[in-house]
A.B. asks: 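My questions all concern the structure below.
Residues: numbered from 1 along the sequence shown. Since this is a predicted model, take the numbers as computed values, not measurements.
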Amino acid sequence: METQFDLKQILKHEMLWYAQIQGYKVRNHFLLNEDLSEYSIVVVSDADYPLERFTRVMMMAHIDGEYIVVDADNTDKPLYEGLMHAGIPREKIILAY
């Protein structure tokens, strides 16, 4: 059985993997609030992005007791799959989006 510490470490590790992937003319920012166990990745376009300036939430999740709650996931490789691959049982992951 995973402890809350284990869940936090695995979630942080998986989300850092997503955050390090950089796209064309955008930067990813990994944000976390360890006290509230909240994790997010925000995408910000570069100032010289050719179409528009934007900021978007790529991914957001938090720990609620013994569950990982995925609040938002705007990727083509879902976070829950990465979490399951890292050893978190599917029944411990709640998709809230």
A.B. asks: A side-chain contact here means heavy atoms from C-beta on lying under 4.5 Å apart; do F30 and Y39 qualify?
C.D. replies: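 Sidechains of Y39 and F30: in contact.
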A.B. asks: Using the rule that two of Ile, Leu, Val, Met, Phe, Trp, Tyr join whenever any of their side-chain heavy atoms come within less than 4.5 Å, decide whether Y97 and V42 are in one cluster.
C.D. replies: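 No, Y97 does not connect to V42 through the hydrophobic network.
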A.B. asks: Using side chain to side chain contact (heavy atoms under 4.5 Å, CB included), reason through V26 and V44 one step at a time and then give a plain yes or no.
C.D. replies: CA-CA 6 Å; V26 296; V44 179; over 6 Å; no
A.B. asks: Would you indicate whether H29, at its atom NE2, is surrounded by more than 12 heavy atoms from other residues, nucleotides or ligands within a distance under 6.0 Å?
C.D. replies: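 Above 12, so yes.
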A.B. asks: How many angstroms lie between atom CG of D71 and atom CE of M59, to the nearest 0.5 angstrom?
C.D. replies: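 D71 CG to M59 CE: 11.5 Å, rounded to 0.5 Å.
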A.B. asks: List the atom of V70, the atom of D73, and the distance in Å for their closest heavy-atom pair.
C.D. replies: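 Looking at all heavy atoms of both residues, the closest pair is CG1-CB, 4.1 Å.
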A.B. asks: To check you understand the geometry: which heavy-atom pair defines the closest contact between R53 and A47, and what is its length?
C.D. replies: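 In terms of heavy atoms, the two residues are closest at NH1-N, 3.3 Å.
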A.B. asks: Heavy-atom distance under 4.5 Å between the side chains of R90 and L95, does that happen here?
C.D. replies: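 Side-chain contact under 4.5 Å: yes.
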A.B. asks: Compare every heavy atom of K77 with every heavy atom of G82, then report the nearest pair and how far apart it is.
C.D. replies: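 Smallest interatomic distance, heavy atoms only, reads CA-NZ, 4.3 Å.
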A.B. asks: At what distance, to the nearest 0.5 angstrom, does CE of M15 lie from CD1 of I41?
C.D. replies: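 Rounded to the nearest 0.5 Å, the CE-CD1 separation comes out at 4.0 Å.
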A.B. asks: Linking I/L/V/M/F/W/Y whenever their side-chain heavy atoms sit closer than 4.5 Å, directly or via other members, would M84 and I10 fall into one cluster?
C.D. replies: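 Per the 4.5 Å side-chain linkage, M84 and I10 are co-clustered.
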A.B. asks: To the nearest 0.5 Å, what is the distance between OH on Y67 and CG on L7?
C.D. replies: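 Here the rounded value is 10.5 Å.
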A.B. asks: Under 4.5 Å between side-chain heavy atoms, chaining through other members, with only Ile, Leu, Val, Met, Phe, Trp and Tyr counted: pull out the rest of the cluster around M60, sorted by chain and number.
C.D. replies: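 Reading the cluster by chain and number, M60 sits alongside V57.
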A.B. asks: With the 4.5 Å side-chain cut-off for hydrophobic clustering, are L31 and V43 part of the same group?
C.D. replies: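 Looking at the clustering, V43 is in a separate group from L31.
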A.B. asks: Taking a hydrophobic cluster as the set of Ile, Leu, Val, Met, Phe, Trp and Tyr residues connected by side-chain heavy atoms closer than 4.5 Å, whether directly or through intermediates, do I21 and F54 fall within one such cluster?
C.D. replies: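 Result: yes, single cluster for both.
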A.B. asks: Keeping to residues at least two apart or across chains, list the salt bridge (charged side-chain N to carboxylate O under 4.0 Å, His left out) pairs with something in residues 26-44.
C.D. replies: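 Only R27-D46 qualify under salt bridge (charged side-chain N to carboxylate O under 4.0 Å, His left out).
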A.B. asks: Calculate, to the nearest 0.5 Å, the distance between atoms CD1 and CG belonging to I88 and L11 respectively.
C.D. replies: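 If I round to the nearest 0.5 Å, the distance is 8.5 Å.
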A.B. asks: Measuring from E91:CD to E66:CD, what's the distance to the nearest 0.5 Å?
C.D. replies: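 E91 atom CD to E66 atom CD measures 11.0 Å (nearest 0.5 Å).
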A.B. asks: When hydrophobic residues are tied together by side-chain contacts of less than 4.5 Å, even through go-betweens, does Y80 share a cluster with I68?
C.D. replies: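 Yes: a chain of side-chain contacts under 4.5 Å links Y80 to I68.
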A.B. asks: Do N28 and Y18 have side-chain heavy atoms sitting under 4.5 Å apart?
C.D. replies: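 No, side chains not in contact.
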A.B. asks: Nearest 0.5 Å please: distance from the OG1 atom of T3 over to the CD atom of Q9.
C.D. replies: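 Here the rounded value is 9.0 Å.
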